[in-house]
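Let me begin by presenting the structure, written as structure tokens, before commenting on it.
In what follows, every heavy atom counts, from backbone to side chain, and hydrogens, waters and symmetry copies are set aside. Along the sequence shown, residues are numbered consecutively beginning with 1.
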Amino acid sequence: MKKFVFASIIGLALVVLQSSTAFAQKYFVYDGDDFNVMLTCTNDNSRVTKVSFSANNEWNTFEIEDYTDLEDSSDGGFIYTVRDGVGNRYTIDYYRSGDKIKVNQIGGTGDGWTLYRRQ
């Protein structure tokens, strides 16, 4: 009986620990005319842990390659470089002053997209 109670307490502790870490993320969605971007961040917003783009009503996760901190700039923010599943690379440039992101394809035409955070 003691083993059962001990095992139950350990199981409950693991469930509580997993559920508390599952909610330790924040999601920010930026909407554009052509696509949307979702940034998954740590609970304190100190780091982006995942970048996803919408396509055909699905979220596709892109690999994060690089990060540049721009908090000391006039607009504040950061730049992430990401790669999609077929090798295209993009920069995600977040402007804290306007709560917007600019997405540019590396090696593309130079035209980019500006997306604003969903309320």
Inset, instruction - Decide yes or no on side chain to side chain contact (heavy atoms under 4.5 Å, CB included) for Thr40 and Lys26, but give the supporting numbers first. - result: CA-CA 6 Å; Thr40 304; Lys26 290 187 178 178; over 6 Å; no

Inset, instruction - To the nearest 0.5 angstrom, please state how far the NZ atom of Lys102 sits from the CH2 atom of Trp113. - result: 13.5 Å

Inset, instruction - With the side chain counted from C-beta on, respond yes when Lys100 and Leu115 share a heavy-atom pair under 4.5 Å apart, and no when they do not. - result: no

Inset, instruction - Nearest 0.5 Å please: distance from the OG1 atom of Thr49 over to the CG atom of Asn43. - result: 11.0 Å

Legend entry - Validation row: Val29, Val37 side chains within 4.5 angstrom (heavy atoms): no

Inset, instruction - Indicate the ring-plane relationship of Tyr80 and Tyr67, choosing parallel, tilted or perpendicular according to the 30° and 60° boundaries. - result: tilted

Legend entry - CG-OH distance between Leu39 and Tyr27, expressed to the nearest 0.5 angstrom: 12.0 Å

Inset, instruction - Following the transitive rule for hydrophobic clusters with a side-chain heavy-atom cut-off under 4.5 Å over Ile, Leu, Val, Met, Phe, Trp and Tyr, establish whether Tyr94 and Val48 coincide in one cluster. - result: yes

Legend entry - Asn45, CG atom: more than 12 neighbouring heavy atoms under 6.0 Å: yes

Inset, instruction - Evaluate the side-chain proximity of Glu65 to Val82: yes if any heavy-atom separation is below 4.5 Å, no if none is. - result: no

Inset, instruction - Measure the spacing between CG of Asp93 and CG of Leu70 and express it to the nearest 0.5 Å. - result: 6.5 Å

Legend entry - Side-chain heavy-atom pair Asn36, Trp59 within 4.5 angstrom cut-off: yes

Inset, instruction - Measure the CD-NZ distance between Glu63 and Lys50 for me, rounded to the nearest 0.5 Å. - result: 14.0 Å

Inset, instruction - Flag yes if Tyr90 and Phe28 sit in one hydrophobic cluster, no otherwise; membership is Ile, Leu, Val, Met, Phe, Trp, Tyr, and two members link when side-chain heavy atoms are under 4.5 Å apart. - result: yes

Legend entry - Step-by-step ring-ring contact (aromatic ring centres under 6.0 Å, His included) determination, Tyr116 to Tyr30: CA-CA 5 Å; Tyr116 294 92; Tyr30 293 83; 8.8 Å; no

Inset, instruction - Output the distance between atom CZ (Arg89) and atom OG1 (Thr81), rounded to the nearest 0.5 Å. - result: 6.0 Å

Inset, instruction - Using atom types as modelled and distance alone, determine if a side-chain donor or acceptor of Asn56 lies under 3.5 Å from a backbone N or O of Glu58. - result: no

Inset, instruction - Identify whether Ile79 and Ile101 are in the same connected component of the hydrophobic contact network (ILVMFWY, side-chain heavy atoms under 4.5 Å). - result: no

Inset, instruction - Identify the heavy atoms of Thr42 and Asp44 that sit nearest to each other, and give their distance. - result: OG1-OD1, 2.7 Å

Legend entry - Same apolar cluster (I L V M F W Y, side chains within < 4.5 Å links), Val103/Ile64: yes

